[in-house]
Amino acid sequence: MSALRIAVAGASGRMGRMLIEAVRGADDMVLAGALDIAASPAIGQDAAAFLGATSGVKITADLREGLAHAQVLIDFTRPEGTMAHLAACRELGVKAVIGTTGLSDEQKAQIATFAASNAIVLAPNMSVGVNVVLKVLEVAAKALKEGYDIEIIEAHHRHKVDAPSGTALKMGEVVAAAVGRDLKDCAVYAREGITGERDPSSIGFATVRGGDIVGDHTVLFAGTGERVEIRHQATSRANFAQGSLRAARFLAGRATGLYGMDAVLGLN
Ligand SMILES: NC(=O)C1=CN([C@@H]2O[C@H](COP(=O)(O)OP(=O)(O)OC[C@H]3O[C@@H](n4cnc5c(N)ncnc54)[C@H](OP(=O)(O)O)[C@@H]3O)[C@@H](O)[C@H]2O)C=CC1
Ligand SMILES: O=C(O)C1=N[C@H](C(=O)O)C[C@H](O)C1
């Protein structure tokens with residue numbers, strides 16, 4: 001079988017580099033394109049130069065050029081970049097794995113329309129562990145529905161630009177749905193001053209930013225006389241990259257549709 005041709009967007013970013021390394025390490029894939037923004041000093045460089053290697057793929061800001069030979073784009077950039085990349089993917093018939101977080105509801109709705117013509121995997125966290133935790137949370141939240149206050153605490157590195165993390169928000173959505181609430185109505189994103197007592201129907205979020213923390217997520221169910229904490233800690237971005245490659249392989253067999261990592265991992 002011929003190798004799956006992958007383009008990577010945000011090629012000089014933290015995840016972009018991890019993905020280029022992972023694609024080069026996969027014997028069923030080949031790097032077929034690398035995109036970055038026009039202002040990036042990496043434009044024109046070989047995509048594998050940071051590894052001290054040569055891939056023959058130059059990093060470009062020209063979407064047509066970067067996607068011309070690709071079957072699947074893997075995109076971990078920023079919402080505005082992702083939306084522009086997806087428009088080009090639609091034109092060129094390229095499938096997409098999207099890891100970018102901080103997308104608005106409108107942008108997510110537009111991604112769903114793109115998926116009518118191109119198969120897309122969209123997930124705020126590509127790691128196997130987090131996606132198993134999302135399943136565990138469904139069970140835990142249903143069982144701890146009464147008498148337990150739900151709080152979600154996340155910590156990430158100092159460079160992260162969106163808060164709460166996409167994963168924390170997804171955890172909130174899963175838990176809210178499991179206890180019959182809508183996260184939009186019950187989320188509390190900040191507390192300061194005389195807040196009054198905690199509303200028992202609320203789901204609280206706390207965000208920590210610092211250093212090189214890859215990604216920590218804890219969901220706390222605080223009851224009377226006991227508390228349950230369900231926690232995931234990422235210690236390397238390699239998990240996200242390997243999950244993305246699994247998502248790309250999954251898309252190879254699909255023409256259209258919007259999928260999550262639960263579908264990719266057979267957890268749905
Ligand atoms: N789903 C998951 O499993 C994971 C998701 N993420 C998400 O992935 C995204 C990227 O994270 P990370 O790699 O740490 O971020 P980085 O800032 O390290 O990398 C982002 C890359 O995208 C480029 N970029 C910035 N703005 C645009 C734009 N408008 N259009 C195109 N490209 C752009 C950057 O270029 P330049 O550096 O020149 O600005 C850079 O190359 C974030 O949203 C993060 O939350 C991260 C890890 C796991
Ligand atoms: O920006 C990051 O680094 C990460 N972002 C994702 C998120 O917002 O959930 C996933 C992971 O935790 C790393």
Side-chain angles (χ1 to χ4, degrees), residues 7-22 33-45 47 50 59-63 66-67 73-89 96-104 107-108 120-131 133-134 152-174 205 207-219 231-248 260-262 264-265:
V8 173
S12 63
R14 277 173 290 276
M15 278 306 301
R17 287 185 167 195
M18 196 54 83
L19 285 159
I20 288 169
E21 191 173 358
L35 289 168
D36 221 323
I37 49 173
S40 170
I43 296 297
Q45 288 177 8
F50 72 98
I59 301 178
T60 178
D62 181 327
L63 304 191
L67 295 172
L73 171 70
I74 306 183
D75 184 323
F76 285 66
T77 57
R78 295 286 180 270
E80 64 279 17
T82 295
M83 299 313 294
H85 299 156
L86 281 177
C89 283
V97 175
I98 305 298
T100 305
T101 57
L103 294 158
S104 66
Q107 287 167 328
K108 287 181 192 165
I120 296 174
V121 171
L122 171 67
N125 199 305
M126 304 286 176
S127 86
V128 175
V130 157
N131 286 284
V133 165
L134 290 172
I152 301 176
I153 305 114
E154 59 100 338
H156 283 86
H157 52 95
R158 60 168 72 101
H159 302 291
K160 186 161 176 63
V161 296
D162 55 313
S165 69
T167 308
L169 291 169
K170 180 73 181 175
M171 287 173 162
E173 283 165 13
V174 166
F205 289 81
T207 295
V208 175
R209 292 287 176 267
D212 61 357
I213 302 169
V214 175
D216 289 3
H217 293 91
T218 303
V219 181
R231 182 172 198 195
H232 179 272
Q233 286 182 284
T235 52
S236 156
R237 291 183 177 83
N239 291 304
F240 309 136
Q242 289 303 328
S244 305
L245 300 200
R246 285 177 76 160
M261 279 304 282
D262 54 346
V264 173
L265 300 172

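Order of appearance sets the numbers: ligands from 1, and atoms from 1 within every ligand.
Side-chain contact between F76 and M126: present, with at least one pair of heavy atoms (C-beta onward) separated by less than 4.5 Å. A heavy-atom distance below 4.5 Å is found between the side chains of F240 and M15. The shortest distance between side-chain heavy atoms of E154 and T167 does not fall below 4.5 Å.
When hydrogens are left out, the protein atom nearest atom 1 (O) of ligand 2 is K160 NZ, 2.9 Å; that is the closest non-hydrogen contact. In terms of protein heavy-atom proximity, atom 9 (O) of ligand 2 is closest to T167 OG1, 2.5 Å. In terms of protein heavy-atom proximity, atom 28 (C) of ligand 1 is nearest to I37 CG2, 3.4 Å. In this structure, the protein non-hydrogen atom closest to atom 5 (C) of ligand 1 is G99 O, 3.0 Å. Counting only heavy atoms of the protein, atom 14 (O) of ligand 1 lies nearest to R14 NE, 3.0 Å. For atom 9 (C) of ligand 1, the nearest protein heavy atom (residue, atom name, distance) is T77 O, 3.3 Å. Nearest protein neighbour of atom 26 (N) of ligand 1, counting heavy atoms only, is R78 CG, 3.4 Å. Of the protein's heavy atoms, G13 CA, 3.3 Å lies nearest to atom 19 (O) of ligand 1. In terms of protein heavy atoms, atom 35 (O) of ligand 1 is closest to D36 OD1, 3.0 Å. Counting only heavy atoms of the protein, atom 47 (C) of ligand 1 lies nearest to M15 CG, 3.5 Å.
For atom 37 (O) of ligand 1, the nearest protein heavy atom lies 4.0 Å or farther away.
Listed by number with element, the atoms of ligand 1 under 4.0 angstrom from any heavy atom of G10 are 21 (C), 22 (O), 41 (O). Within ligand 2, counting atoms from 1 as listed, the ones closer than 4.0 Å to a heavy atom of P124 are 6 (C), 7 (C), 9 (O), 10 (C). For ligand 1 and H85, the ligand atoms under 4.0 Å from any heavy atom of the residue are 31 (C). Listed by number with element, the atoms of ligand 2 under 4.0 Å from a non-hydrogen atom of H217 are 12 (O). Ligand 1 places these atoms under 4.0 Å from at least one heavy atom of K160: 45 (O). Every atom of ligand 1 with a heavy atom of S12 under 4.0 Å away is listed here by number and element: 41 (O). Which parts of ligand 1 touch E80 is read off a 4.0 Å heavy-atom cut-off, strictly below it: atoms 29 (N).
Not a single N or O atom of T100, backbone or side chain, sits closer than 3.5 Å to an N or O atom of ligand 1. Polar contact with ligand 1: absent for S127 (N/O pair, distance under 3.5 Å). Considering backbone and side-chain N/O of P41, none are found under 3.5 Å from N/O of ligand 1. In terms of polar-atom proximity, defined here as any N/O pair under 3.5 Å, A123 does make such a contact with ligand 1.
Of the candidates P124, P79, A163, it is P124 that places a heavy atom closest to atom 1 (N) of ligand 1. Between atom 12 (O) of ligand 2 and the options H159, Q233, H156, the minimum heavy-atom separation is to H156. Comparing heavy-atom distances from atom 43 (O) of ligand 1 across V130, D75, T101 singles out T101 as nearest. Taking each of R237, M18, M261, M126 in turn, the one with a heavy atom nearest to atom 3 (O) of ligand 1 proves to be M126. Looking at H232, R14, H157 and measuring to atom 2 (C) of ligand 2, the nearest heavy atom belongs to H157.
Between A38 and I43, the closest heavy-atom pair is O-CG1, 3.8 Å.
Judged by the shortest distance from any of its heavy atoms, A234 lies outside the 4.0 Å radius around the atoms of ligand 2. Look at E154 and you'll find every heavy atom at least 4.0 Å from all atoms of ligand 2. A heavy-atom separation below 4.0 Å is found between V214 and ligand 2.
Looking at T100, its side chain does come within 3.5 Å of a backbone N or O of T77 through a donor-acceptor pair. N131 contributes a side-chain N or O that, together with a main-chain N or O of N125, makes up a donor-acceptor pair within less than 3.5 Å.
If you check the side chains of H217 and S165, you find a donor sitting under 3.5 Å from an acceptor.
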